[in-house]
> 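Can you read through this structure? Questions will come right after.
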2 protein chains.
Amino acid sequence: MSAIADVARLAGVAKATASRALSGRGYVSDETRSKVVAAAALIGYVASPNAASLVTGRTQSVGVIIPFISRWFFSEILESLEQSLLAKGYDMTLYNLPAHSVERERVFDFFLARKRFDGVISVGVELSDTEVQLLHRLGRPLVGIGGEIPGVHTIAIDDIAAARLATEHLISLGHTDIRHIGGDQVDQMDFAVHTKRLTGFNTAMRAAGLNTDGCFAPCAFTVPGGYEAGLALFGDPHRRPTAVFAASDEIAIGLIVAARELGILVPSELSVIGIDGHPYAEMFRLTTIEQHPRNQARMAVEALLGALEQQSVTVSPGLTRAPTNLVMRSSTSAPR
Amino acid sequence: MSAIADVARLAGVAKATASRALSGRGYVSDETRSKVVAAAALIGYVASPNAASLVTGRTQSVGVIIPFISRWFFSEILESLEQSLLAKGYDMTLYNLPAHSVERERVFDFFLARKRFDGVISVGVELSDTEVQLLHRLGRPLVGIGGEIPGVHTIAIDDIAAARLATEHLISLGHTDIRHIGGDQVDQMDFAVHTKRLTGFNTAMRAAGLNTDGCFAPCAFTVPGGYEAGLALFGDPHRRPTAVFAASDEIAIGLIVAARELGILVPSELSVIGIDGHPYAEMFRLTTIEQHPRNQARMAVEALLGALEQQSVTVSPGLTRAPTNLVMRSSTSAPR
DNA sequence: GACAGATCTGGAAACGGTTGCATAAGGAAC
DNA sequence: GTTCCTTATGCAACCGTTTCCAGATCTGTC
């Protein structure tokens, strides 16, 4: 509707002056500025970033690539990203790209190539070299959350250390028959998360002199996934472990529900520990390693906007470790 | 990087011709078109919709306003919206606006006023007249999901009918001591959902000649919310009902978890029914009224893009009813 | 063979902002 | 009273695209 020319006319100044007055760049007298601001307010003028982006190259908008929306970690990330970006005046445009989506190529070659974003945040998606280069050629900074992409600044917890800590907690309670339930191949979430958590588990077990053969069982990375795995694992009383380390709280909760259904007492007959800090953890009294996705999202926005302020095309590559912490509730105890 | 001028030069034609060849509007000979297309492919040219929007007024982008991201209904809607919009070449920009967010005014007065969207989809947010008018003045069509906004085309299930159906299911099994656990004031989600589901419950009860006094108890609209409500409601064996209608599956699941902890058998001692069709419903064998959010999202996109194609500023106002269906599992049975 | 209509192409003007450059006024330093 | 710097403003060009308009060529009809 109303353009800056209307504001300028109303305020009795040139377009250039109105632009300077509203954007705060360049010299404008206080008197002129207030006239312009008043005129803009009067007709409800809001600058079109699309038009401005033509000449400035800045769009005030950030693209986000994410493989899931409904899983806890990802929805937390998303809420926090949106909040941080909104606070800084940025729009957030969402691309939901499951691991091997058919749309994937189109998103990179078409949507991301449209020059709509000042930067891109990639959450839990392993980008190929080609894809990183494509984004790089656009001259836009890129920040990752939740994994390591070569040459890209990434915010992530130390998955190996978190898994080791969880396993060590069980070992320190006196458990020796411990299993690890983690993500399966189908649900790779693209990232090496599953593998890393398994590595942390194996490391802790071996350091304690415990055998790891046949200790890992895969399942879908969800509550029903953990539930199914629990029914299978706990079905035979003779082969039942005394403790389980679940790769996520959602899996852990599924395991607990399965155990309860089978009449197995947690923690006296079975200890369960997870990773995440899921909002349901408390009602299931689940001991877990908390990560703080909202915080990770804030760090990512900070890194990205920092790079934008410095006009730098790239964020300094490298890894920022997000903190984790053990929260003890009553799903773990010494074995009987 | 590469602009249409580069493509035109490479193909040996004028900018205008290149534009026509790539957009498919106006006359272009087959020979010229293939030359232009080849040139564009060669240098990896992708048109900037920002620049185009300046003259066409179309941005190829849709704004979505949503109060939650992590709750099941909303994340399903979001995934489906993104998928439908992407398929049509539209970007989706997200505004996460909890009910009484401090950011709300800023989103309407600033972000939505920036002329970035061809249309807006509002999910589960009750818009004020002022807000509807503001969007209308921008000349952009608006479609709602999950409630009724005066003068706006909305996709929604019949909440009253769904609640009545759920309650009637319990009554038909022979229950007479039935409670309804639903959303509280704090968690109004802006919409009249809570009130409508309560109305449906009351209607069914009265039609069966049952008293409704003191039959409703509020809780947070989440699994832990239902769990807390369950502990409170089932704590006193003398005052325990034989059946509960939960306003959502998440509440229903919380109730079941609480019942199991208290040693109450579902369904023989307690029947529970919910509304939603949550992915956890099956593992808790929950009887529920399914709604299909992904389908609602598709309908919304269809309505919005339909209006855009017709150049019409408004979508024909009115209500499209999304279907629901009762799925019987084993959380409900006749009372003992 | 003239004419109308359809097809094809290019030049130039727009869209709504920002910014480089020129101009001018005011104040400080010599 | 110059000179120089800082502040303030306007004009015009520019960003990348689409589209209006004019002109050219081709086709078919009478």
Side-chain angles (χ1 to χ4, degrees), chain A residues 1-37 39-40 43-61 89 91 110 113-118 138-140 311, chain B residues 1-37 39-40 43-61 89 110 113-118 138-139 311:
Chain A
M1 300 283 141
S2 56
I4 200 170
D6 303 327
V7 176
R9 198 176 318 117
L10 194 58
V13 298
K15 262 170 52 181
T17 304
S19 172
R20 280 186 287 251
L22 293 172
S23 69
R25 277 181 291 267
Y27 296 115
V28 185
S29 72
D30 286 348
E31 192 195 358
T32 305
R33 186 189 315 280
S34 53
K35 266 195 309 189
V36 172
V37 169
I43 62 176
Y45 169 77
V46 176
S48 154
N50 279 5
S53 78
L54 266 212
V55 43
T56 60
R58 300 290 287 272
T59 61
Q60 305 286 48
S61 170
D91 281 322
F110 177 64
R114 301 207 280 190
K115 312 180 194 76
R116 287 208 133 159
F117 309 118
D118 291 342
L138 291 173
R140 301 297 180 211
Q311 312 269 29
Chain B
M1 300 284 136
S2 58
I4 200 171
D6 302 327
V7 176
R9 199 177 316 116
L10 194 58
V13 299
K15 268 166 49 181
T17 304
S19 172
R20 278 186 291 250
L22 292 172
S23 69
R25 276 182 292 268
Y27 295 114
V28 185
S29 72
D30 286 348
E31 193 196 357
T32 305
R33 185 191 316 281
S34 53
K35 266 196 307 188
V36 172
V37 168
I43 62 175
Y45 169 77
V46 177
S48 152
N50 280 5
S53 79
L54 215 32
V55 42
T56 61
R58 299 290 286 272
T59 61
Q60 304 287 50
S61 170
F110 178 64
R114 302 207 281 190
K115 312 180 194 79
R116 287 208 134 159
F117 309 117
D118 291 341
L138 291 173
Q311 313 269 27

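We name chains A, B, ... by the order of the sequence lines, and we start the count at 1 in each one. Keep in mind that this is a model prediction, so the values were computed, not measured.
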> What integer distance in Å separates B:I4:CD1 from D:dG16:P?
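Nearest whole value for this atom pair: 11 Å.
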> Quantified as the angle between the terminal helix axes (five pairs each), what is the overall bend of the helix from C:dG1-D:dC30 to C:dC30-D:dG1 to 10 degrees?
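Comparing the axis at each end, I get an angle of 40°.
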> How close or far is atom P of C:dT9 from atom CG of B:L22, stated in whole angstroms?
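Value for this atom pair: 13 Å.
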> Could you check how far CG of B:N50 sits from P of C:dT18, rounded to whole Å?
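Atom-to-atom, B:N50 to C:dT18, this comes out as 14 Å.
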> Measure the distance from CZ on A:R58 to P on C:dG17 and round it to the nearest whole Å.
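The distance from CZ of A:R58 to P of C:dG17 comes to 18 Å, rounded to the nearest Å.
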> Toward the 5' end of DNA chain D, which comes first, A:G26 or A:V55, by nearest nucleotide?
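Closest to the 5' end, via its nearest nucleotide, is A:G26.
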> Is it the case that the side chain of B:S19 and the backbone of B:K15 share a donor-acceptor pair, with hydrogens and angles ignored and the cut-off at 3.5 Å?
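No, the answer is negative, given that no donor and acceptor are paired below the 3.5 Å cut-off.
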> For a quick check of understanding: with a heavy-atom distance under 4.0 Å over all strands, which category does B:A47 fall into, base, sugar-phosphate or nothing?
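Answer is sugar-phosphate: B:A47 comes under 4.0 Å of backbone atoms only.
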> Could you run down the sub-3.5 Å N/O contacts of the protein with nucleotides 10-13 of chain C?
from: C:dG10; atom 1: OP2; to: B:A14; atom 2: N; distance (Å): 2.9
from: C:dG10; atom 1: OP2; to: B:T17; atom 2: OG1; distance (Å): 2.7
from: C:dG10; atom 1: N7; to: B:R20; atom 2: NH2; distance (Å): 2.9
from: C:dG10; atom 1: O6; to: B:R20; atom 2: NH1; distance (Å): 3.2

> Which residues pass the side chain to side chain donor-acceptor pair (under 3.5 Å) test with B:T32, sequence neighbours left out?
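Residues passing side chain to side chain donor-acceptor pair (under 3.5 Å) with B:T32: B:S29.
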> Is there a side-chain contact between B:R116 and B:S61, using heavy atoms and a 4.5 Å cut-off?
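In short, these two side chains do not touch, never coming nearer than 4.5 Å.
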> Check step by step if side-chain contact (heavy atoms from CB on, under 4.5 Å) holds for A:Q60 and A:D91.
CA-CA 6 Å; A:Q60 305 286 48; A:D91 281 322; over 6 Å; no
> May I ask you to verify if any side-chain N or O of B:T56 is less than 4.0 angstrom from the OP1 or OP2 atom of C:dC15?
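Checking B:T56 against C:dC15: no side-chain N or O falls below 4.0 Å of OP1 or OP2.
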> Phosphate oxygens OP1/OP2 of D:dC15: is one of them under 4.0 Å from a side-chain N or O of B:S48?
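Looking at the OP1 and OP2 atoms of D:dC15, neither is under 4.0 Å from any side-chain N or O of B:S48.
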> Does A:T59 use its side chain to pair, donor to acceptor, with the backbone of A:S53 at less than 3.5 Å?
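Side chain of A:T59 to backbone of A:S53, a donor-acceptor pair under 3.5 Å: no, none is there.
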> Does D:dT17 have its OP1 or OP2 closer than 4.0 Å to a side-chain nitrogen or oxygen of B:Y45?
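Yes, B:Y45 has a side-chain N/O under 4.0 Å of OP1/OP2 on D:dT17.
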> Between B:Y27 and C:dT7, is there a contact of a side-chain N or O with OP1 or OP2 at under 4.0 Å?
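It does, given that an N or O in the side chain of B:Y27 lies less than 4.0 Å from OP1 or OP2 of C:dT7.
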> For residues B:A21 and B:V28, report the shortest heavy-atom separation together with the two atoms involved.
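Result for this residue pair: N-CG2, 3.7 Å.
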> Locate the shortest heavy-atom distance separating B:A40 from B:V7; write the atom from each residue and the value.
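Closest pair (atom of B:A40, atom of B:V7, distance): N-CG1, 3.9 Å.
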> Under 4.0 Å, heavy atoms only, any strand: does B:S53 hit a base, just the sugar-phosphate, or nothing?
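Answer is nothing: B:S53 stays at 4.0 Å or more from every strand.
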> Whole angstroms only, please: what is the CZ-C1' distance between B:R9 and C:dT9?
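Result: 18 Å.
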> Using every non-hydrogen atom in the two residues, find where A:L54 and B:A51 come nearest and quote the distance to one decimal.
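Nearest heavy atoms, A:L54 then B:A51: CD2-CB, 3.5 Å.
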> Write down the distance between CG (B:D30) and P (C:dC8), rounded to a whole number of angstrom.
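Taking atom P of C:dC8 as the reference, CG of B:D30 is at 7 Å.
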> Please figure out whether A:R25 or B:L54 has its closest DNA chain C nucleotide nearer the 5' end.
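With B:L54 and A:R25 compared, the 5'-side residue is B:L54.
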> Donor-acceptor check, side chain of B:N50 to backbone of A:N50, threshold 3.5 angstrom: yes or no?
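No; judged by distance alone, with no hydrogens or angles, the pair does not exist.
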> Which heavy atom in B:V46 sits nearest to a heavy atom in A:A113, and how many Å separate them?
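Closest pair (atom of B:V46, atom of A:A113, distance): CG2-CB, 3.7 Å.
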> What is the distance, to the nearest angstrom, from the CD atom on A:Q60 to the P atom on C:dG16?
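Between P of C:dG16 and CD of A:Q60: 19 Å.
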> For C:dT19 and A:S19 - does any side-chain N or O of the residue sit under 4.0 Å from the phosphate oxygens OP1/OP2?
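Checking A:S19 against C:dT19: no side-chain N or O falls below 4.0 Å of OP1 or OP2.
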> Can you tell me the distance, in whole Å, between the CD atom of B:E31 and the C1' atom of C:dT7?
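That distance rounds to 14 Å.
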